[in-house]
*Asks:* 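Here it is, the structure in full.
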Amino acid sequence: MGSSQEEVTLLGATGSPFVSRVEIALHLKGVEYKYVEENLSIKSEQLLKYNPVHKKVPVFVHGDKSLAESLVIVEYIDETWNNNPILPSDPYKRALARFWSKFIDDKIVGVSWKSVFTVDEKEREKNVAETYEGLQFLENEIKEKKFFGGEELGLVDIAAVYVAYWIPLVQEIAGLELLTTEKFPNLYRWTQEFVNHPIVKESLPPRDPVFAFFKGRYEALLASK
């Protein structure tokens, strides 16, 4: 049979936005897969075998082939299963989708995370300012569109799952206002559209245990001051 029909396994960890990217792509394509929960404090032999470079999740195993890095995996899924395309067919639009997806990882994920999980106040303020700057670019990009690529979920939406689900969660834990309807009305509207999409809803982890886990990490950080 063709390679697309080989067994699919996803090594992940509950609460990871990067794992959720892959799950959204798989659900969007209707691909059946086996999910293996990894304990990242005790790296499994399977994880070390398939991702010896970074030793982290997600890891995607398709037959005898394995891939790491969520955006790489999402593109592979899109090219392997042709239904419900994730990237546009137009080369320029594909390039733009890749640009904005990388932008989210480079300019939003890290600094917004450090806005919450940083003890030093000056460092936190710097990260908050950089987060606002990154989110403003996304606000300008989404405009009045339903999703970043138009009417259907695409690569940028999937990459931005962290923005839609994790930023509201961690900002609540820290008492910050990073992403609000007042500051970023278009982007906030998109977050509601996105997290309530049926495919996305079935792909996201349950909020309460994820909230409790990161709240515990936040409180432990404060206690270490």
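Values in this document were obtained by computation on a predicted structure and should not be read as measured data. Just so you know, residue 1 is the first one in the sequence shown, and it goes up from there.
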*Asks:* Counting only heavy atoms not in Phe137, do more than 12 fall under 6.0 Å of its CZ?
*Replies:*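 Atom CZ in Phe137 is not crowded, with 12 or fewer foreign heavy atoms closer than 6.0 Å.
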*Asks:* Are more than 12 heavy atoms from other residues, nucleotides or ligands located less than 6.0 Å from atom CD of Glu152?
*Replies:*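 At most 12 heavy atoms, drawn from other residues, nucleotides or ligands, come within 6.0 Å of this atom.
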*Asks:* Counting only heavy atoms not in Glu177 (residues, nucleotides, ligands), do more than 12 fall under 6.0 Å from its CD?
*Replies:* no
*Asks:* Between Phe194 and Ile24, is there a side-chain heavy-atom distance shorter than 4.5 Å?
*Replies:* yes
*Asks:* Looking at CD1 of Ile167 and CD of Glu172, how far apart are the two atoms once the value is rounded to the nearest 0.5 Å?
*Replies:* 14.0 Å
*Asks:* Count the heavy atoms of every other residue, nucleotide or ligand shown that sit under 6.0 Å from NZ of Lys183, and state whether that count exceeds 12.
*Replies:* yes
*Asks:* Got Lys65 and Tyr76 here, is their nearest side-chain heavy-atom distance under 4.5 Å?
*Replies:* yes
*Asks:* Does NZ in Lys29 sit with more than 12 non-hydrogen atoms of other residues, nucleotides or ligands closer than 6.0 Å?
*Replies:* yes
*Asks:* Under the side chain to side chain contact (heavy atoms under 4.5 Å, CB included) criterion, do Val8 and Trp81 qualify, and how do the steps go?
*Replies:* CA-CA 12 Å; Val8 173; Trp81 289 272; 3.9 Å; yes
*Asks:* Assign the ring pair Trp100 / Phe103 to parallel, tilted or perpendicular, where the plane angle (0 to 90°) is split at 30° and 60°.
*Replies:* perpendicular
*Asks:* What distance separates Leu155 CG from Asp78 CG, expressed to the nearest 0.5 Å?
*Replies:*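 These two atoms lie 8.0 Å from each other.
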*Asks:* So do Phe147 and Val156 actually touch side chain to side chain, heavy atoms under 4.5 Å?
*Replies:*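 In short, these two side chains do not touch, never coming nearer than 4.5 Å.
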*Asks:* Checking Ile173 against Arg217 for the side chain to side chain contact (heavy atoms under 4.5 Å, CB included) test, could you report, in this order, the C-alpha distance in whole Å, the side-chain angles of both residues, the deciding distance, and whether it holds?
*Replies:* CA-CA 10 Å; Ile173 289 170; Arg217 285 187 57 176; over 6 Å; no
*Asks:* For a quick test of reading the model, state the closest non-hydrogen atom pair linking Val74 to Arg21 and the distance between them.
*Replies:*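 Closest pair (atom of Val74, atom of Arg21, distance): CG2-O, 3.8 Å.
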*Asks:* Within the supplied structure, the quantity of interest is the number of heavy atoms (other residues, nucleotides, ligands) at a distance under 6.0 Å from Lys145 NZ; does it exceed 12?
*Replies:* yes
